[in-house]
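Convention: sequence-line order gives letters A, B, ...; per-chain numbering from 1. Atom set for the values below is all heavy atoms of this structure, side chains included, hydrogens, waters and symmetry mates excluded.
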Amino acid sequence: MSETTVGTVSRIAGSFVTAKHMTGSRMFELAKVGEAGIIGEIIRLEGDVAVIQAYEETEGLKLGEKVFGTGKPLSVELGPGLIGQIFDGVQRPLTVISDTFGPLIQRGVEAPALDRKKKWYFQPKMKKGIKAIGGDLLGIVQETPLVKHGIIVPPNVGGVVEDICSEGDYTIADPIAEIRTAEGVKRLFLMHTWPVRRPRPYKAMLPLTMPLLSGQRIIDSFFPVAKGGIAAITGGFGTGKTVVLQTLAIWIDADIVIYIGCGERGNEMADVLERFSKLKITRLDQPLMSRTIFVANVSNMPIVAREASIYTGITLAEYYRDMGYNVAVMADSTSRWAEALREISGRLEEMPGEEGYPAYLASRLAEFYARAGHVQSIGSEEREGSITVLAAISPPGGDFSEPVTTNTLRLAKVFWALDFALAHRRHFPAINWFMSYSEYLHMLEPWFTNVERDWQKLSEEARTLLKEEEELREIVALIGAEILGDKQRSIFEAAKMLKEYFLLQNAFHPVDSYCPIDKTYRMLRTLLKFYKKTKTAIDSGVSLTKILSLSVREELSRLKTIPSKEFNEANLELNREMDEQFEKLISEASGSEST
Amino acid sequence: MSSIANAGLKFFTVKEITGPLLLCESVTGVSYGEVVRVLTPTGDEQNGQVIDTSDKVTVIQVFEGTSGLNVDATAVRFTGETIKLPVSMDMLGRMFTGSGKPADGGPDIIPEDYLDVHAATINPYSRAHPSKFIQTGVSVIDGLNTLLLGQKLPLLSGTGLPHKLLASQIVRQAKVVGEEEGFTIVFAAMGITGDEVKFFRDDFLKMGAMSRVVMFVNLAEDPAIERILTPRLALTTAEYLAFEQNLNVLVILVDMTNYCEALREISAALREIPGRRGYPGYMYTDLATIYERAGIIRGQKGSVTQMPILTMPDDDVTHPIADLTSYITEGQIILDRGMAKRGIYPPINPLPCLSRLMDKGIGPNKTRGDHKQLSDQLYYAYSEGKIVQGTAMVSGEKALTNTDKLYLKFLERFEKEFISQSFDENRDIEETLNIGWSLLSILPETELTRIDPAIIKEYHPHYKQLSSG
């Protein structure tokens, strides 16, 4: 349907507009509704009647107003200038809208996603006369200090390069190359568009072999996620999903981070925007925003744009993946996306499935998560990139048996289960060590073994200790603590130390917020060594009380706040002291026995 | 179908009346969300709004309810306008009905502006993040779940619990430290009783604060459907006072449960597919359009702080109303029946409570350098105390270690000295934090793992005595 073909509004109910005389329209085509030009997407066609879900408020729209089809599906602009931006769910730049139209998002405001006037310094990498295919590198633009933006031939284009511009400054509206395709000569720009609901192609899916390190001890040591993997973080309100995701967005060792705020709080988005704009990636000494893109569709923005937001986000991710980057996508929260889906389905009077969600919830989730992965990118050159999806789920009433959680867990290989009980005692991250899991442990083993030979053993020992403590606690609850011997008490003490000194991590502490992987393992090793020595000492007749009053114990609690530069030395010193102090205790004990 | 030229005239085209909804024949040019005047058979005029319109039928929700209407003699008139609220500074000190008419016998206000009651969304990029501490004078809030200017923090309560008392204490005591001017209060009552409204009104009068209060009142006996409008009128007023008149506004919405019931009623009348417990699937989004209307805009002086109050059916915090509210708001203060029974006021169990924004508004130059860590440690200790209490109940005191016993002692004194305070006791933040330290001193210092040694040395009563002695 072309812009000239006109339908008329025949029903308005909330953000759903029905239009008749829409002959020639296609599913998921964008339409402009009414004088206000409200943008919407066609989501149902019956004869010449189309149901359009509007991305904006429909209040004031009248029956009989005209509807124009655009002939195009919802697409995003892909090109330099994405990094550091804050978009809404349909890629409107919120910064530009704020500067141009003021603090409120009034209806009908429009601004192009990418700045049309900004000049980018383009260095060509392609020569005339070469036969290029989708994904081939035309040239490079240094988008931010961290991001070399590869200008690639769009996936669906291929042919002989007839012309390529020379090195210099260009806007995204300036043509930079011409390609002779089967359909004739096509001009290429620094930017191209791509429909959000269509996954961008890749050559091959590759196995996951690298961890995406987070600097969070419990995650990196117990439940790591792989580059190209999927992790679900689930918990009732107040368990700290958002804080974990934000912390990961700051520290995770991805090249590009795309943070989708899907139906969440405005103040929270304001906080994360403000914080991120001030923070630096310490290891690279570059501003955090120089690798970050925000898609912010807060809870009181139209739900239809909320539904679109995760597709917008993942399409941006695919674009950078195609350049060979490792991209992390944080989606907070997919439950709000699913609710938008439910709301839309309800308005369409579709037959509901479980808890009112549409029957296709599972397949939509599967389609979305299928866009994660470690791939060989398209193009003649060998390039690998990955998309890791870290998705928050907010189950109603904290009940993990609800459809969004259960359907996601069938796809996600890492489950970080947040726990009310831990959150209530302000143990953060409140990741429950019994319920959570990572199916990547096995695949990542070779990598971790390279870092730390006995990595798996350490991690298992720690988890066994926590399990033992749990079992013992159940027994104690029945028969009381007085029957416990020192050896059993030491399990309690060691587990407590593990929780307090290791698993507990303060996301807002200057040092503790990020723990490098080698520090994580050295800490764990030192703590477990203390436990082992405790057991040996008790066997040699030392009382637990004496062990607990050792000065090293106090020092163990401060390990996490030692900056990583000084850590190795401090840790060695601590280990030496530990040996000495235990030796002294044991010799005293054996001394007193012999007298 | 009638012609658009007739819009604005009377029509006797009502086809069906169902629950709070009135279905009538469509007129070309009817707009979605348009205000409709409904003329009752007795000649009264009521207000309605178009919530669905198609070539065949237009659905109108009637805010004053449909009782007394009939199909034959009821007329509707389309106004061509969406719902706008006349606003002015003269609203201060006044009381209005749940649909915005004067309810105190006073005259209509002379509007300075007409504002759309469905405000446009604040661009998240234009928001300033809340960072100013509001001292409520209530220890368990200030110390452990600090309220900030521009935050939305609900009180989740149950029937018969003293949330009114607590709300009025907060309204009376709340102040932004370092700012002269107090809060302007916008109060919206939805479906509460006349004497509850009187309680608040008397309280405002007693404080001599009535000149800083705007009230919108929909009583229990008023039409339920009107409640859909009430919070939106209140928030439109609040936004006017905050962002046009540069005031710090505190909005009290009570009781959001009644609002949600009204939402369910309309949804049922529309025969929509119900979500959890019969509430509509869009309740999250709908509540978000209310709760999200709090905050601060960068570069502007005023602020809207929200304290919605709701009574959880059967004290169930997983009930959809409480659950969705807590997912949208920035934390929650939960009133606890068990504590109320033991005579503790305010009966707030801190464990499930949360203020998500707290960290941004506390610390050096805001409250005190030890605030965050002290609060974390108190949380940990109280939760540990609860576990010990559980063990003691099952296996008796014999099951407890010496440290356990200290935690038990901490628990008892914490409830008595920190949580408990009287209805008119206004504790400043220093006092609140100092009580916290005196309680922590019950425990051995090695237990204070959440606090940096330097902070312990600076604030722990043990060291203070040393340095003063």
In terms of heavy-atom contacts, Pro352(A) and Ile273(B) come closest through CG-CG2, 3.7 Å

Mark yes or no: Arg336(A) above the aromatic ring of Tyr284(B), with NZ or CZ under 6.0 Å from the six-membered ring centre and no more than 45 degrees from the axis.
yes

Portion of Ile97(A) that has a non-hydrogen atom of chain B nearer than 4.5 angstrom:
both

Ser10(A) versus chain B, the contacting section by heavy-atom distance below 4.5 Å
both

At their closest point, which heavy atom of Tyr125(B) faces which heavy atom of Leu94(A), and how far apart are they?
CD2-O, 4.1 Å

If every non-hydrogen atom of Ala120(B) is compared with every non-hydrogen atom of Gln106(A), which pair is closest and at what distance?
CB-OE1, 3.6 Å

Do Asp55(B) and Lys20(A) meet the salt-bridge criterion of a basic N to acidic O distance under 4.0 Å?
yes

Taking the basic N atoms (NZ, or NE/NH1/NH2) and the acidic carboxylate oxygens, is any pair closer than 4.0 Å for Glu274(A) and Arg298(B)?
no

Quick one: does Arg356(B)'s side chain get under 4.5 Å of Glu268(A)'s, heavy atoms only?
yes

Rounded at 0.5 Å granularity, tell me how far CG in Asp376(B) sits from CG in Asn506(A).
7.5 Å

Under 4.5 Å from any heavy atom of chain A - which part of Gln300(B):
side chain

Any heavy-atom pair between the side chains of Val30(B) and Lys62(A) that's under 4.5 Å?
no

Exam field: side chain Thr53(B) to backbone Arg11(A), donor-acceptor pair closer than 3.5 Å:
no

Is the side chain of Arg265(A) donor-acceptor paired with the backbone N or O of Tyr327(B) at a distance under 3.5 Å, no angle test?
yes

State whether Tyr380(B) and Arg426(A) meet the cation-pi test: NZ (Lys) or CZ (Arg) under 6.0 Å from the six-membered ring centroid, and within 45° of the perpendicular axis.
no

Nearest heavy-atom pair of Pro124(B) and Ile105(A): which atoms, and what distance?
CD-CD1, 4.4 Å

Taking side chain as everything from C-beta outward and backbone as N, CA, C, O, which of these in Glu343(A) sits under 4.5 Å from a heavy atom of chain B? Side chain, backbone, both or neither.
side chain

Tell me the closest heavy-atom pair linking Ala270(A) and Arg127(B), and the distance in Å.
CB-CB, 3.6 Å

Residue of the set Glu500(A), Arg558(A), Glu554(A) for which side-chain hydrogen bond (donor to acceptor under 3.5 Å, both in side chains) holds with Thr449(B):
Glu500(A)

Residue part contacting chain A, namely of Ile387(B), when any heavy atom lies under 4.5 Å:
side chain

By a 4.5 Å heavy-atom criterion (distance strictly below it), what part of Tyr357(A) contacts chain B: side chain, backbone, both, or neither?
neither

Report which part of Leu504(A) has an atom under 4.5 Å of a heavy atom belonging to chain B: side chain, backbone, both, or neither.
side chain

Reference residue Phe237(A); test side-chain contact (heavy atoms from CB on, under 4.5 Å); the match among Leu354(B), Thr329(B), Thr325(B), Val317(B)
Val317(B)

Turns out that what part of Glu445(B) lies under 4.5 Å from chain A's heavy atoms comes down to neither

Taking NZ, NE, NH1 and NH2 as the nitrogens, is one of them in Glu384(B) or Arg425(A) under 4.0 Å from a carboxylate oxygen of the other?
yes

Is Arg347(A) close enough and on-axis enough to Tyr282(B), meaning under 6.0 Å and within 45°, for cation-pi?
yes

With heavy-atom distances below 4.5 Å as the criterion, would you say the side chains of Glu57(A) and Asp116(B) are in contact?
no

By salt bridge (charged side-chain N to carboxylate O under 4.0 Å, His left out) - contacts of Glu350(A) (at least two apart):
none

Minimum side-chain heavy-atom gap Glu292(B)-Ser299(A) below 4.5 Å
yes

Do Leu61(A) and Ser31(B) have side chains that get closer than 4.5 Å, going by heavy atoms?
no

Checking heavy atoms, do the side chain of Thr95(A), its backbone, both or neither come under 4.5 Å from chain B?
both

Can a side-chain donor-acceptor contact be found between Ser126(B) and Ser98(A) if the only test is distance below 3.5 angstrom?
yes

Hey, does Thr318(B) have a side-chain heavy atom less than 4.5 Å from the side chain of Asp399(A)?
no

Counting only heavy atoms closer than 4.5 Å, note whether Arg450(B) contacts chain A via side chain, backbone, both or neither.
side chain

Approximate separation, where rounding is to 0.5 Å, of Ile12(A) CD1 and Ser54(B) OG
9.5 Å

Under 4.5 Å heavy-atom distance to chain B, tell me which part of Phe101(A) shows up: side chain, backbone, both or neither.
neither

Report yes or no: do Glu330(B) and Asn267(A) form a side-chain donor-acceptor pair below 3.5 Å?
yes

